[in-house]
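Below: the structure, in structure tokens.
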Amino acid sequence: MSGEVSTQKSSANGVTVAVTPNIEGTSTWSFKIVLDTHSQDLSDDLVKTSAMIGPDGKRYAPLAWDGAAPGGHHREGVLRFAAVAPRPASIDLEIRRASEPAPRVFTWQMQP
């Protein structure tokens with residue numbers, strides 16, 4: 001990745017989503033995800049509602065979610081994907097929440 005690995009945050013509809021990538025591995029890439037709210041239940045199934053997207057628009061489904069089960073007002077865990085080769089110039093992580101009209105998209109620029 002170019003520069004430091006940065007955590008990105010998105011706050012909307014009373015829910016804050018923070019994502020920190022770890023995309024240095026050669027076999028799997030992971031994203032630490034923290035969801036926080038005081039107003040609703042966090043029942044998202046992130047394996048079903050998330051995708052990693054390359055600059056060519058190709059979508060990659062997650063391999064697994066290692067973290068808190070759906071429910072509650074605070075969830076934290078790691079969403080894992082198969083690494084993409086060759087390494088793309090950028091990568092997006094898209095999270096769709098059932099209660100929101102548009103997906104949340106987080107983008108990182110990467111070194112080839």
Side-chain angles (χ1 to χ4, degrees):
M1 283 186 52
S2 60
E4 294 183 17
V5 175
S6 60
T7 298
Q8 295 185 23
K9 290 185 180 181
S10 168
S11 294
N13 302 313
V15 177
T16 298
V17 179
V19 182
T20 306
N22 179 358
I23 48 183
E24 298 304 320
T26 56
S27 61
T28 61
W29 291 349
S30 60
F31 296 85
K32 179 182 176 186
I33 300 176
V34 178
L35 296 98
D36 268 311
T37 185
H38 295 289
S39 61
Q40 56 187 283
D41 189 50
L42 298 171
S43 59
D44 309 74
D45 181 342
L46 293 171
V47 171
K48 292 182 180 176
T49 61
S50 300
M52 193 169 62
I53 305 169
D56 59 357
K58 185 171 181 183
R59 299 174 69 84
Y60 302 89
L63 299 172
W65 166 258
D66 300 319
H73 294 271
H74 176 84
R75 291 182 64 200
E76 185 171 330
V78 176
L79 194 60
R80 299 187 191 287
F81 293 83
V84 177
R87 192 173 183 84
S90 66
I91 201 76
D92 292 349
L93 179 67
E94 177 185 275
I95 299 174
R96 292 187 175 273
R97 301 199 65 245
S99 61
E100 297 177 4
R104 303 210 194 180
V105 179
F106 305 87
T107 302
W108 291 272
Q109 298 301 314
M110 302 167 57
Q111 293 176 339

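Computed from heavy atoms alone, side chains included, the values below leave out hydrogens, waters and symmetry copies.
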**Report entry** Pair Val34-Thr7, side chain to side chain contact (heavy atoms under 4.5 Å, CB included): steps then yes or no
**Finding:** CA-CA 10 Å; Val34 178; Thr7 298; over 6 Å; no
Sequence neighbours left out, cut at 3.5 Å: what donor-acceptor pairs do the side chains of residues 58-65 make with other protein atoms?
residue : atom : partner : partner atom : Å
Arg59   : NH1  : Glu94   : OE2          : 3.3
Arg59   : NH2  : Glu94   : OE2          : 2.7
Trp65   : NE1  : Ala68   : O            : 2.9

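- Contact record, Gln40 with Ser99: OE1-OG, 3.7 Å, taken as the closest heavy-atom pair.
- Inter-residue side-chain proximity for Arg75 and Pro70 is flagged as met; some heavy-atom pair is nearer than 4.5 Å.
- Taking hydrophobic clusters as Ile, Leu, Val, Met, Phe, Trp and Tyr residues chained together by side-chain heavy-atom distances below 4.5 Å, Met52 shares a cluster with Val47.
- Here the closest heavy-atom approach between residue Asp36 and residue His74 is recorded as OD1-ND1, 2.5 Å.
- Heavy atoms only, all atoms of each residue included: Gly14 and Ser39 are closest at O-OG, 4.0 Å.
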Query - Audit row: Arg97, Leu42, side chain to side chain contact (heavy atoms under 4.5 Å, CB included) steps and yes/no - result: CA-CA 9 Å; Arg97 301 199 65 245; Leu42 298 171; 3.7 Å; yes
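- For the pair Ser30 and Arg80, the tightest heavy-atom approach, listed with the atom from each and the gap, is CB-NH1, 3.7 Å.
- Using bins of under 30°, 30° to 60° and over 60° for the plane-to-plane angle, the ring pair Trp108/Phe31 lands in the tilted bin.
- Separation of atoms CH2 (Trp29) and CG (Asn22) is listed at 11.0 Å; rounding is to 0.5 Å.
- When the options Thr16, Val15, Val17 are evaluated for a side-chain contact (heavy atoms from CB on, under 4.5 Å) with Thr37, the one that passes is Val15.
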Requested in this report: Apply side chain to side chain contact (heavy atoms under 4.5 Å, CB included) to Lys32 and Glu76, showing your working.
Outcome: CA-CA 7 Å; Lys32 179 182 176 186; Glu76 185 171 330; 3.1 Å; yes
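- Residues meeting the side chain to side chain contact (heavy atoms under 4.5 Å, CB included) test with Ser10, sequence neighbours left out: Arg104, Phe106.
- Taking the side chain to side chain contact (heavy atoms under 4.5 Å, CB included) definition, one finds that Ser90 meets it with Pro55, Gln109, sequence neighbours left out.
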Requested in this report: Begin from the C-alpha positions of Ile95 and Asp44 and carry the test side chain to side chain contact (heavy atoms under 4.5 Å, CB included) through to its verdict.
Outcome: CA-CA 10 Å; Ile95 299 174; Asp44 309 74; 5.5 Å; no
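- Under a hydrophobic-cluster definition in which Ile, Leu, Val, Met, Phe, Trp and Tyr are linked whenever side-chain heavy atoms come within less than 4.5 Å, directly or via other members, Ile53 and Met110 are assigned to different clusters.
- With rounding to the nearest 0.5 Å, the separation of CG in Leu79 from CG in Leu46 is 6.0 Å.
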